[in-house]
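First the proteins, then the strands, lettered A, B, ... as listed; each starts at 1.
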Amino acid sequence: MKLRDTPSASPALWRSLPCPAAELRLDLVLPSGQTFRWRESSPGSWTGVLGGHVWTLRQERDRLWYTVYGGEAAAGADTDRLLREYFQLDVGLQELYRAWGAADPLFREAAKDFPGVRVLRQDPVECLLSFICTSNNHISRITAMIDRLCQAFGRRLCHLDAQPFHAFPSLTALTGADAEARLRALGFGYRAKFVSGTARAVTEGLGIEGLHHLRAVPYAEARRVLCALPGVGSKVADCVCLMALDKADAVPVDTHVWRIVRQRYGLELGGRSLTPRAHQEIGDFFRGLWGPRAGWAQAVLFCADLHKGRDLAGSRDRDKES
DNA sequence: GTACGGCCTCTGTC
DNA sequence: AGACAGAGGCCGT
């Protein structure tokens, strides 16, 4: 199959939803470390795997355009709904930005150049296993690792211009006796034991349905269950709660957020290291500041922080060239 | 309850 | 070029 860049080339294969840029910015959300499965396949077009199919997404004129490969006949109301649920488009972002900004001048300042940053509603298995891989790691390497994970353990879906696309692996694909060794061979390091161990623990314990059921239990309980899995601590559990389990008040606290709290908010919460109590205190601080969707606001701040770092690196590169 | 070292490997930086 | 620190942490002590 051939990659489809834009609706104008083959309009019959594309559909669209109303979606202004203030509500969603693909270029800010998809590469910023919430998900590791989307690539900018050509300028402004994002190709990735969602719900067991390969999609290309594109924003034009206040609409979100999409095409699904291989399932052309199936594209319709169901794919509209899947996409709306993935991006949680029923949540009005502009109103939230206004409220967060009114409560917090620092948010207003940071968010000014980063509209349309929203939290995705991801598959719990994919989110859980992916974020186990994020410890002591960078987005660039995580992305490459997840890519290899899918190629090695995931079902092949199709080729686009000779490039293969794979589904995210099933839990059972990762419970084999040799899974850990294979993951190590793929460069997962000490995370290999955690990924295979969590796959096994979920399979033999609460099950996929039990994992999905965490969407219906309180945040504190979901967090407690997740933290019992190998390789899952406070930070990873909060990421999964926020991005897959409908806990909008979960605030993942990592070294970046901790630094922001100290430098920008001038707070010394939780002492010298990121102890469980520090996680709790910092999370409570942001929930008090931003309210019940504090995790969403944190995603905006994180995105702004990420780009600030990239911009600094970029200006240094330009300095070197001149 | 907190503090610390170790862990795999890679990337960015000097 | 080659070393080196630090990376969206977690676990055992």
Which nucleotide, [options], lies nearest any side-chain atom of [X]?
{"X": "A:V236", "options": "B:dC8, C:dC10, C:dG8", "result": "C:dC10"}
{"X": "A:F302", "options": "C:dG8, B:dT9, C:dA7", "result": "C:dG8"}
{"X": "A:R277", "options": "B:dA3, B:dG1, C:dG8", "result": "B:dG1"}

Which pairs, protein N/O on one side and nucleotides 11-13 of chain C N/O on the other, fall under 3.5 Å?
{"unit_1": "C:dC11", "atom_1": "OP1", "unit_2": "A:G231", "atom_2": "N", "d": "3.0"}

- Query: What parts of residues 251-259 of chain A reach DNA chain C, counting only heavy atoms under 4.0 Å away?
  - Reply: A:P252, A:D254, A:T255, A:H256

Around atom [atom1] of [X], are there more than 12 heavy atoms of other residues, nucleotides or ligands at under 6.0 Å?
{"X": "A:E221", "atom1": "CD", "value": "yes"}
{"X": "A:R156", "atom1": "CZ", "value": "no"}
{"X": "A:R259", "atom1": "CZ", "value": "yes"}

- Assert: residue with more 5' nearest nucleotide on DNA chain B, out of A:P276 and A:S140, is A:P276

- Query: Pick one: which of A:V29, A:L24, A:L28 meets side chain to side chain contact (heavy atoms under 4.5 Å, CB included) with A:L26?
  - Reply: A:L24

- Result of checking A:E40, A:R58, A:R4 against A:S45 for side chain to side chain contact (heavy atoms under 4.5 Å, CB included): A:R58

Are any protein N/O atoms closer than 3.5 Å to N/O atoms in nucleotides 4-6 of chain C? If there are, list each pair with its distance.
{"unit_1": "C:dG6", "atom_1": "N2", "unit_2": "A:H138", "atom_2": "NE2", "d": "3.1"}

- Answer yes if A:L120 and A:M243 sit in the same cluster of Ile, Leu, Val, Met, Phe, Trp and Tyr residues linked by side chain heavy atoms under 4.5 Å apart, and no otherwise. no

Any side-chain donor-acceptor pair under 3.5 Å between [X] and [Y]?
{"X": "A:T56", "Y": "A:T47", "value": "yes"}
{"X": "A:S8", "Y": "A:T6", "value": "yes"}
{"X": "A:Y219", "Y": "A:D238", "value": "yes"}
{"X": "A:D104", "Y": "A:Y265", "value": "yes"}

- Query: What stems, by residue range, does DNA chain B take part in, given at least 3 consecutive Watson-Crick or G-U pairs under 3.5 Å?
  - Reply: B:3-7 with C:9-13, B:9-14 with C:2-7

What is the distance, to the nearest angstrom, from the [atom1] atom on [X] to the [atom2] atom on [N]?
{"X": "A:L269", "N": "B:dT2", "atom1": "CG", "atom2": "P", "answer": "13 Å"}
{"X": "A:E180", "N": "B:dT9", "atom1": "CD", "atom2": "P", "answer": "12 Å"}
{"X": "A:I142", "N": "C:dG9", "atom1": "CD1", "atom2": "P", "answer": "8 Å"}
{"X": "A:N136", "N": "B:dC4", "atom1": "CG", "atom2": "P", "answer": "17 Å"}
{"X": "A:L183", "N": "B:dT9", "atom1": "CG", "atom2": "P", "answer": "12 Å"}
{"X": "A:F188", "N": "C:dA7", "atom1": "CZ", "atom2": "P", "answer": "21 Å"}
{"X": "A:Q280", "N": "B:dT2", "atom1": "CD", "atom2": "C1'", "answer": "16 Å"}
{"X": "A:I260", "N": "C:dG8", "atom1": "CD1", "atom2": "P", "answer": "12 Å"}

- Considering only the P atoms, how many Å lie between B:dA3 and C:dG8, rounded to the nearest integer? 23 Å

- For nucleotides B:dC8 and C:dT13, find the distance between their P atoms and express it as a whole number of Å. 15 Å

- Salt-bridge contact A:E60-A:R63 (side-chain N to carboxylate O under 4.0 Å): no

- Return yes if the base of C:dG9 and the side-chain atoms of A:K235 contain a donor-acceptor N/O pair under 3.5 Å, otherwise no. no

- Task: Please state whether the base of B:dT11 and the side chain of A:R141 form at least one donor-acceptor pair under 3.5 Å?
- Result: no

- Query: With sugar-phosphate meaning primed atoms plus P, OP1 and OP2, does A:S130 contact a base, only sugar-phosphate, or nothing at under 4.0 Å between heavy atoms?
  - Reply: nothing

- Item | Residues from residues 116-124 of chain A lying under 4.0 Å of DNA chain B - heavy atoms | none

- Regarding A:R262 and the six-membered ring of A:W258, is the cationic atom NZ or CZ under 6.0 Å from the ring centre and inside 45° of its axis? yes

- Task: Using only side-chain N and O atoms of A:R184, determine if any of them is under 4.0 Å from OP1 or OP2 of B:dC8.
- Result: yes

- Item | Distance below 4.0 Å between A:S273 side-chain N/O and B:dA3 OP1 or OP2 | yes

Any donor and acceptor pair, going by atom type alone, linking the side chain of [X] with main-chain N or O of [Y] inside 3.5 Å?
{"X": "A:R15", "Y": "A:D80", "answer": "no"}
{"X": "A:R191", "Y": "A:N136", "answer": "yes"}
{"X": "A:Q34", "Y": "A:R118", "answer": "yes"}

Please tabulate, one pair per line, all N/O donor-acceptor pairs under 3.5 Å involving side-chain atoms of residues 171-186 of chain A, not counting sequence neighbours.
{"unit_1": "A:T172", "atom_1": "OG1", "unit_2": "A:S170", "atom_2": "OG", "d": "3.1"}
{"unit_1": "A:T175", "atom_1": "OG1", "unit_2": "A:T172", "atom_2": "O", "d": "2.8"}
{"unit_1": "A:R182", "atom_1": "NH2", "unit_2": "A:A152", "atom_2": "O", "d": "3.3"}

- Verify ring pair (Phe, Tyr, Trp, His ring centres under 6.0 Å) between A:F194 and A:F188, making sure each step is shown before the conclusion. CA-CA 10 Å; A:F194 295 154; A:F188 276 58; over 10 Å; no

- Message: Applying side-chain contact (heavy atoms from CB on, under 4.5 Å) to A:C127 and A:D123, what does each step give before you reach the verdict?
- Response: CA-CA 6 Å; A:C127 191; A:D123 175 74; over 6 Å; no

